[in-house]
Amino acid sequence: MTVVAAAPVTGLTNDQIREVLPHRWPMLLLDRVGKVEPGVKGTATKNVTGTELWFQGHFPTEAVLPGVVMIEAMAQLAGVVFALAGASRISYLAGVRSMRFRRPVVPGDRLTLTAERTGGGTGFAEFKVSARVDGQVAAEGILTIVDPAGNAAAGKV
């Protein structure tokens with residue numbers, strides 16, 4: 001299923017996000033998508049709760065959200081931006097560059113995620129991404145997302 005939206009999309013609920021992405025619990029990390037300009041940029045939120053699976057072992061006495069989970073959340077937002085521009089519903093994270101982690105994220109925090117397309121071509125896109133807590137940068141970097149079907153529509157910047 002390919003979902004294509006030309007106009008900006010706002011206020012996607014968790015149920016609507018599942019229509020765009022194939023992810024399911026416990027790997028669907030976006031709670032809400034704020035606004036998406038298909039193929040261009042988007043914003044989303046992820047509420048961090050102490051009941052999440054990874055906190056059982058990372059770390060049992062001082063819970064810290066693993067960096068790879070933040071990367072996955074940002075990649076899912078980039079995937080929504082990409083899918084709404086015509087990419088396949090299943091796209092793959094193909095690259096992580098210049099990722100920096102600036103502060104720990106703990107249960108009770110709300111991550112505000114951004115993804116803005118900075119380049120790409122037919123079937124792939126590069127996004128500048130960030131995760132913030134209360135306006136402070138928690139993580140930022142560059143992600144490459146690939147559409148395995150190579151949809152040309154998704155290549156437009």
Exercise. Can V80 and V36 be said to form a side-chain contact (heavy atoms from CB on, under 4.5 Å), step by step?
Worked result: CA-CA 8 Å; V80 169; V36 173; 4.0 Å; yes
Problem set entry | Working for side chain to side chain donor-acceptor pair (under 3.5 Å), residues S88 and D147 | CA-CA 6 Å; S88 298; D147 176 0; 2.7 Å; yes
For this session: Carefully, step by step, assess R117 and V40 under the rule side-chain contact (heavy atoms from CB on, under 4.5 Å).
Result: CA-CA 5 Å; R117 189 167 181 172; V40 180; 5.6 Å; no
Exercise. Could you go step by step and tell me if T114 and S130 meet the side chain to side chain donor-acceptor pair (under 3.5 Å) rule?
Worked result: CA-CA 5 Å; T114 62; S130 71; 2.6 Å; yes
Problem set entry | side-chain contact (heavy atoms from CB on, under 4.5 Å) between L113 and T45, intermediate numbers included | CA-CA 6 Å; L113 309 168; T45 57; over 6 Å; no
Exercise. Under the side-chain contact (heavy atoms from CB on, under 4.5 Å) criterion, do L12 and E19 qualify, and how do the steps go?
Worked result: CA-CA 10 Å; L12 291 178; E19 292 176 20; over 6 Å; no
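Listed by first then second residue, pairs satisfying salt bridge (charged side-chain N to carboxylate O under 4.0 Å, His left out) with a partner in residues 95-105 read R97-E126, R102-E140, R103-D109, not counting sequence neighbours.
Here R110 pairs with nothing under the salt bridge (charged side-chain N to carboxylate O under 4.0 Å, His left out) rule; sequence neighbours left out. Applying the salt bridge (charged side-chain N to carboxylate O under 4.0 Å, His left out) test to K41 and every residue at least two apart in sequence or in another chain returns E37. Annotation: side-chain contact (heavy atoms from CB on, under 4.5 Å) contacts of F59 (sequence neighbours excluded): V64. The salt bridge (charged side-chain N to carboxylate O under 4.0 Å, His left out) test applied to E72 returns no partner, not counting sequence neighbours. With sequence neighbours left out, D15 forms a salt bridge (charged side-chain N to carboxylate O under 4.0 Å, His left out) with R18.
Looking at V105 and V69, their side chains never come closer than 4.5 Å, going by heavy atoms from C-beta outward. Inter-residue side-chain proximity for T43 and T112 is flagged as unmet; no heavy-atom pair is nearer than 4.5 Å. Side-chain contact between F101 and M99 is present, with heavy atoms from C-beta onward closer than 4.5 Å. Side-chain contact between P107 and T49: absent, with no pair of heavy atoms (C-beta onward) separated by less than 4.5 Å. Residues L21 and L28 are in side-chain contact: their nearest non-hydrogen atoms beyond the backbone lie under 4.5 Å apart. A heavy-atom distance below 4.5 Å is not found between the side chains of F82 and L84.
Following chains of ILVMFWY side-chain contacts shorter than 4.5 Å, one can reach L143 starting from M27, so the two form part of one hydrophobic cluster.
The shortest heavy-atom contact between V146 and P148 is O-CD, 3.5 Å. When all heavy atoms of M74 and A139 are compared, the pair lying nearest together is CE-CB, 4.1 Å. Among all heavy-atom pairs drawn from H58 and P66, the shortest one is ND1-CG, 3.6 Å. Between A73 and L30, the shortest heavy-atom contact is O-CD2, 3.5 Å.
Checked options T144, V81, T118, L77; the residue passing with F127 is V81 (criterion: side chain to side chain contact (heavy atoms under 4.5 Å, CB included)). Of the listed residues (V133, V106, L111), just one forms a side chain to side chain contact (heavy atoms under 4.5 Å, CB included) with L65, and that residue is L111.
Side chain of N14 to main chain of R32: no donor-acceptor pair is present (N/O by atom type, distance under 3.5 Å, no hydrogens or angles). Under the 3.5 Å distance criterion, the side-chain polar atoms of T10 are left unmatched by any main-chain donor or acceptor of K35.
Taken to the nearest 0.5 Å, the CG atom of N47 stands 9.0 Å off from the CD atom of E52.
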